[in-house]
Amino acid sequence: MYDPNNIFARILRKEIPCSPVYEDDYVLAFRDIAPKAPAHILVIPKGAYLDISDFGARASAAEIEGFFRAVAKISADHNLTQQGFRAIANSGLHGGQEVPHFHLHLLG
Ligand code: AMP
């Protein structure tokens, strides 16, 4: 069950601040508050999805395309594509997911 009061839902509603790096109709991307790499960006869909499996199962084709087009743009704009980077989606209890709104970590 999606919790509409999770911290990323609150960031999307502008109830709490973030350090944004990119936003469009489909995604918001912002800097992780506790970076694990020199560049650590979180990309989240604007829709209410629990994790990557929920996103893949329920999101529209436009949302899925919009999400991954944004990942491509952000990774290029932040010089991640050129140097190489990790993209991680922790999912659920055994995946160590802390925030129950789908997010992709970009670590470079
Ligand atoms: P995960 O374990 O994949 O759910 O990761 C959640 C990530 O969200 C962690 O890397 C946290 O450092 C990050 N995080 C938690 N709260 C905030 C916040 N208010 N702004 C930015 N990043 C956050």
Side-chain angles (χ1 to χ4, degrees):
M1 190 74 77
Y2 183 82
D3 171 11
N5 288 319
N6 76 75
I7 196 156
F8 292 172
R10 297 185 65 204
I11 285 174
L12 283 171
R13 292 196 297 269
K14 316 289 185 202
E15 292 172 4
I16 55 175
C18 71
S19 297
V21 301
Y22 179 77
E23 182 168 13
D24 65 21
D25 288 347
Y26 298 106
V27 311
L28 175 66
F30 51 94
R31 295 194 183 281
D32 195 292
I33 204 167
K36 311 292 190 302
H40 188 170
I41 295 168
L42 301 172
V43 187
I44 69 173
K46 290 198 166 172
Y49 300 103
L50 276 172
D51 59 19
I52 192 168
S53 298
D54 188 34
F55 184 67
R58 294 195 303 110
S60 69
E63 287 176 297
I64 292 170
E65 176 173 359
F67 186 86
F68 285 100
R69 299 283 186 209
V71 168
K73 177 168 175 46
I74 295 159
S75 57
D77 289 352
H78 290 266
N79 291 326
L80 299 174
T81 313
Q82 297 86 335
Q83 303 284 337
F85 64 103
R86 286 182 171 176
I88 298 173
N90 298 320
S91 299
L93 184 62
H94 288 191
Q97 183 179 7
E98 292 172 9
V99 180
H101 179 111
F102 170 44
H103 51 282
L104 196 63
H105 296 255
L106 305 183
L107 296 139

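Order of listing sets the numbers, starting from 1, for every ligand and every atom in it. Since the model is a prediction, treat every value here as computed from it, not as a measurement. Numbers for residues simply follow the sequence, beginning at 1. Only heavy atoms go into these numbers, but all of them, side chains included; no hydrogens, no water, no symmetry mates.
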Mode of [X] contact toward ligand 1 - side chain, backbone, both, neither (heavy atoms, under 4.0 Å):
X    : answer
R31  : backbone
F102 : neither
I16  : neither

Does any N/O atom on [X] come nearer than 3.5 Å to any N/O atom on ligand 1?
X    : value
E98  : yes
H103 : yes
I7   : no
I33  : yes

[X]: numbered ligand 1 atoms lying under 4.0 Å from its heavy atoms:
X    : value
H105 : 1 (P), 3 (O), 5 (O), 7 (C), 10 (O)
N90  : 1 (P), 2 (O), 3 (O)
D32  : 7 (C), 8 (O), 9 (C), 10 (O), 11 (C), 12 (O), 13 (C), 22 (N)
A34  : 12 (O)

- Message: According to a hydrophobic-cluster definition based on side-chain heavy atoms being under 4.5 Å apart (Ile, Leu, Val, Met, Phe, Trp, Tyr only), do L12 and V21 belong together?
- Response: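 As far as the 4.5 Å side-chain criterion goes, V21 and L12 are not connected within one cluster.
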- Query: At a 4.0 Å cut-off, with the gap strictly under it, does some heavy atom of G96 reach an atom of ligand 1?
  - Reply: yes
- Message: Please determine whether side-chain contact (heavy atoms from CB on, under 4.5 Å) holds for the pair V27 and Y22, giving the CA-CA distance in whole Å, both sets of side-chain angles, and the decisive distance to 0.1 Å.
- Response: CA-CA 8 Å; V27 311; Y22 179 77; 3.8 Å; yes
- Query: Are H101 and H103 near enough that their ring centres are under 6.0 Å apart?
  - Reply: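 Ring-ring flag for H101/H103: false, centres at least 6.0 Å apart.
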- Message: So does D24 get a backbone contact from the side chain of K46, meaning a donor-acceptor N/O pair under 3.5 Å?
- Response: yes
- Item | Geometric class of the F68/F55 ring pair [parallel <30°, tilted 30-60°, perpendicular >60°] |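 If you compare the ring of F55 with that of F68, the planes turn out tilted.
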- Message: Can you see whether Y49 engages E63 through a side-chain donor-acceptor pair at a distance of less than 3.5 angstrom?
- Response: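 Short answer, yes.
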- Message: Between I16 and I7, does the side-chain contact (heavy atoms from CB on, under 4.5 Å) criterion hold? Intermediate values first, please.
- Response: CA-CA 8 Å; I16 55 175; I7 196 156; 3.2 Å; yes
- Of the protein's non-hydrogen atoms, which lies at the shortest distance from atom 8 (O) of ligand 1, and what is that distance?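 Here the nearest protein heavy atom works out to F8 CZ, 3.4 Å.
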- Message: Walk me through whether H78 and I41 qualify under side-chain contact (heavy atoms from CB on, under 4.5 Å).
- Response: CA-CA 10 Å; H78 290 266; I41 295 168; 3.8 Å; yes
- Check the pair F8, L42 against side-chain contact (heavy atoms from CB on, under 4.5 Å), reporting the backbone distance first and the verdict last. CA-CA 10 Å; F8 292 172; L42 301 172; 3.7 Å; yes
